[in-house]
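Residue numbers start from 1 in every chain, and the chains themselves are labelled A, B, ... in the order their sequence lines are given, proteins ahead of strands.
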2 protein chains.
Amino acid sequence: MIRRLSQARERGIPEATVARLPLYLRALNGMAERGLATVSSEDLAVAAGVNSAKLRKDLSHLGSYGTRGVGYDVEYLIYQISRELGLTQDWAVAIVGVGNLGRALANYGGFVSRGFRVAALLDADPEVVGDHIAGLTVEHVDELEAVIRRRAVSIVVLATPGAAAQQLADRVIAAGVTSILNFAPVVLAVPEGVDIRKVDLSIELQILAFHEQRKTDRMTGGPAMAEEWPEAVDL
Amino acid sequence: MIRRLSQARERGIPEATVARLPLYLRALNGMAERGLATVSSEDLAVAAGVNSAKLRKDLSHLGSYGTRGVGYDVEYLIYQISRELGLTQDWAVAIVGVGNLGRALANYGGFVSRGFRVAALLDADPEVVGDHIAGLTVEHVDELEAVIRRRAVSIVVLATPGAAAQQLADRVIAAGVTSILNFAPVVLAVPEGVDIRKVDLSIELQILAFHEQRKTDRMTGGPAMAEEWPEAVDL
DNA sequence: CCCACTTTGTGCACCGGTTCACAAAGGGAC
DNA sequence: GTCCCTTTGTGAACCGGTGCACAAAGTGGG
């Protein structure tokens, strides 16, 4: 991949920084609503739950948008971060799978607020097709490719059972989509150039359980040598 | 914090490894269902979507459970990972906030499957309290502390609007809960020793949008020097 | 204009995590 | 028992990201 860019400033923003920009944006929007004109890195960092040095380094990757001795202009910084994240344009999102989760996502206000527009709902169940949810009519998943093209969908949210996810991912990718948010509990195989993000409720709970166990173990005096495969269990 | 453990093997499992163990577990369960007795690090790594060296190093933190020249015993490894994650015990989970998302979570099968049991649903809306969802009756959030104690809840899922989340977090922590899965779009402040995990749909979409913009920019020849605050916008 | 004060932007040391590459260990054939 | 093949477990180099600490830059008061 060629790395030559016309900009003098190299535009390689670290992934970890990108993941935090939405956090800063949210904190800044709260501040703008409360009428603050400027904010220091220290205050913004506290509001976003990070340390101030990290915040300053993150922002420095976008450019030099602060004023020493003063801080950052709230509105200006909101604009710069929004632009960097691509939220100044509007993104058509299709939700595939209109079960409990798909419905929740369709009705979730947080989507619409910032540049995202739910443009289509699709499902395979004839029982569900035709339902009206969040101002949209559920379409049959057979129409997937046509809908993606017609509505200029660029981001697809997969909220289907695990078994269907890979096949659907293949189809949306074939239809030209390169950004997928996957809620199905499977590891999707995708070609180079396609971005997948995964949200897995069950994994999050398991991570919590690990730490919870660790905490209670500590109080009750450790795992009591339970290192071995118990006799009772059958290999 | 005292770091003396009776075990010879130091039990400090890296956070990154903990986050992948559920992935391995899922892949292994699939293999067990298909009747595989043993699996090599290479095959398991492919199924989990990681590289095999990483997989082996991850598993080595749990102990030396493989056989050189052969691979890992599927059932045995399932047991070891489950035990490490604390899934051999059952965890009572309370879901606070029974809106669209809370309902979806309550009905989500993936919870129950592995050691987790939804033990309570709570909401502030009198309209919702008393509803029967997934075999449970929604209780009023005033009962929060009593319910946590009575049902021995150790993990709380917050699926409320952002405005209510911090206050509710404070209450569940005061009631003795130290593991929280937060879906509300706010940064929660919590004391030392409390584990928070956050799932934020809007942030995931924004990260996708960033990369999507980057990809389309590349095709259309870059951001065309759009570095400056446009004249039209009012500071 | 100059000085004291505030706050940004960043060089640098550090740290956790990833990857490579290989020695060690076990299995199976003969 | 010996040899060859497979696959694990891990030392070591590497890499991205974090946090400290400070110089540079700007503000406001006198």
* How many angstroms lie between CG in B:Leu59 and OG1 in B:Thr17, if you round to the nearest 0.5 Å? -> 9.0 Å

Length of the [atom1]-[atom2] vector between [X] and [N], whole Å:
X       : N      : atom1 : atom2 : value
B:Asp73 : C:dG26 : CG    : P     : 16 Å
A:Leu77 : C:dT8  : CG    : P     : 11 Å
B:Lys54 : D:dC14 : NZ    : P     : 19 Å
B:Arg56 : C:dA25 : CZ    : C1'   : 14 Å
A:Leu44 : C:dT8  : CG    : P     : 10 Å
A:His61 : D:dG16 : NE2   : C1'   : 11 Å
A:Leu55 : D:dG17 : CG    : C1'   : 15 Å
A:Asp58 : C:dT8  : CG    : P     : 14 Å

* Structure fact -> The residue, A:Thr67 or A:Asn51, whose nearest nucleotide of DNA chain D is more 5′ is A:Asn51

* Using the closest heavy atom to pick a nucleotide of DNA chain D for each, name whichever of B:Glu42 or B:Lys57 lands nearer the 5' end. => B:Glu42

* Asked: Between B:Gly49 and A:Val187, what is the shortest heavy-atom contact and its length?
  -> CA-CG1, 4.0 Å

* From the options C:dG17, D:dG9, D:dT27, select the nucleotide whose nearest atom is closest to the side chain of B:Ala16. => C:dG17

Give a yes/no on whether any side-chain N or O of [X] is located under 4.0 angstrom from OP1 or OP2 of [N].
X       : N     : result
A:Ser41 : C:dT7 : no
B:Ser64 : D:dG9 : yes
B:Tyr72 : D:dG9 : yes

* Asked: Ignoring hydrogens and angles, does a donor from either the side chain of B:Arg68 or the base of D:dT7 sit under 3.5 Å from an acceptor on the other?
  -> no

* Give a yes-or-no answer on whether the side chains of A:Tyr79 and A:Glu75 include a donor-acceptor pair shorter than 3.5 Å. => no

* **Verdict with supporting geometry, A:Gln206 and A:Ser202, side chain to side chain donor-acceptor pair (under 3.5 Å)** => CA-CA 6 Å; A:Gln206 290 178 46; A:Ser202 149; 3.0 Å; yes

* For the pair A:Arg214 and B:Asp195, find out whether any cationic side-chain nitrogen is under 4.0 Å from an anionic carboxylate oxygen. => no

